[in-house]
Amino acid sequence: MEVAETIESVRSLVRAARDEGKKIGLVPTMGALHIGHISLIEAAAKNCDFVAVSIFVNPTQFSPGEDLEKYPRPLEADLEMCQRAGVDVVFAPASDVIYPGENLTWVTVEKLTEPLCGRSRPGHFRGVTTICAKLFNIVAPDVAYFGQKDAQQAIVIKRMVADLNMPLEIVVCPTVREASGLAVSSRNQYLSEQQKEDAAKICQSLQDCRRMIETGTTEARQILARMREILQQIRSIEVEYISIVDAETLESVERITGKVLVAVAVKLGPARLIDNILVDAGR
Ligand code: PAF
């Protein structure tokens with residue numbers, strides 16, 4: 001496995017693989033790798049001949065006051081995990097490699113970035129789309145892999161790729177969960193054991209929601225009330241949003257008839273946690 005710290009070095013490694021006719025897969029990450037990331041790497045390895053992983057804690061997607069400084073950066077452990085997972089190249093640039101000076105060019109996806117996390121994290125998605133556009137330009141993958149846990153991110157990136165005719169495919173892989181149901185996340189490291197147990201209720205509330213929709217409840221208001229009831233059982237939880245939105249447009253849904261995304265964001269102790277499910281009411 002190669003570790004590239006410069007744009008030139010990652011480009012030349014990818015170019016060599018492409019010249020051999022290999023299909024290139026990219027898994028963009030901010031490091032602090034866990035089994036969720038490994039599942040993306042495995043999907044890439046299955047479908048591609050050359051797997052690149054980027055590890056870059058992207059400052060432009062953190063709002064002021066968020067956890068940029070304390071975001072975990074266990075690079076050695078990350079590299080070991082990548083090596084074991086059969087990654088071909090890890091691109092781990094320093095901040096000034098990606099942002100050498102004042103950045104004047106940004107990629108902004110409209111509308112889809114306004115609801116849900118866009119409301120409480122101004123500028124977040126602009127940072128995400130800009131770094132992903134940069135990574136796609138640097139690595140030039142055939143396919144890039146993202147997790148369903150960041151559902152809005154995946155939808156926004158897919159839209160950017162479609163709208164800007166970027167020549168790659170975006171694959172979204174299922175959320176990986178702990179045995180308790182808690183969605184695996186780098187930010188779970190901030191939680192105590194008790195808080196992790198409490199956080200499992202987020203998944204429980206989503207499962208209840210799925211049951212209600214599948215057994216015929218169509219009023220979003222009724223379902224949201226039930227979910228709020230479950231979440232309120234968690235000590236010191238602050239619910240940022242619980243929303244039922246159209247799975248494509250992310251517009252709020254009152255009567256559930258088609259495919260919806262049910263998304264939750266909470267503040268639990270030191271961590272901001274998000275989770276979601278896709279449900280097709282099929283009516
Ligand atoms: O999902 C993440 O870890 C980040 O938002 C991403 C896609 C790597 C961009 O920094």
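Positions are given from 1, in the same order as the sequence printed here. Whatever order the structure lists ligands and atoms in, that order sets their numbers, starting from 1. Note that the coordinates shown come from a computational prediction; the quantities given were computed from them, not determined experimentally.
For ligand 1, the atoms closer than 4.0 angstrom to any heavy atom of Ile131 are 9 (C), 10 (O). Atom numbering of ligand 1 starts at 1 in the shown order; those under 4.0 Å from a heavy atom of Phe146 are 7 (C).
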Report, one line per pair, each donor and acceptor closer than 3.5 Å where one atom sits in a side chain of residues 73-89; sequence neighbours left out.
residue : atom : partner : partner atom : Å
Arg73   : NH1  : Leu68   : O            : 3.1
Arg73   : NH1  : Glu69   : O            : 3.4
Arg73   : NH1  : Tyr71   : O            : 2.8
Arg73   : NH2  : Leu68   : O            : 3.1
Asp78   : OD1  : Ala32   : N            : 3.4
Asp78   : OD1  : Leu33   : N            : 3.0
Asp78   : OD2  : Ala32   : N            : 2.9
Asp88   : OD2  : Val51   : N            : 2.7

Under 3.5 Å donor-acceptor pairs involving side-chain atoms of residues 155-167, not counting sequence neighbours:
residue : atom : partner : partner atom : Å
Arg159  : NE   : Asp163  : OD1          : 3.1
Arg159  : NE   : Asp163  : OD2          : 3.1

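Given atom 7 (C) of ligand 1, the protein heavy atom at minimum distance is Gln153 NE2, 3.5 Å. Atom 3 (O) of ligand 1 has Met30 CG, 3.7 Å as its closest protein atom, hydrogens excluded (heavy atom only).
Under 4.0 Å from ligand 1, not a single heavy atom of Ile157 appears.
No hydrogens or angles considered: a donor-acceptor pair under 3.5 Å links the side chains of Glu240 and Ser120.
Remark: ligand 1 and Gln61 share an N or O pair separated by less than 3.5 Å (distance only, no angle test).
Of the charged side-chain nitrogens involved, none lies within less than 4.0 Å of a carboxylate oxygen, so that Asp67 and Arg272 do not count as a salt-bridged pair. Checked for salt-bridge contact, Arg255 and Glu219 meet the test: a charged N lies under 4.0 Å from a carboxylate O.
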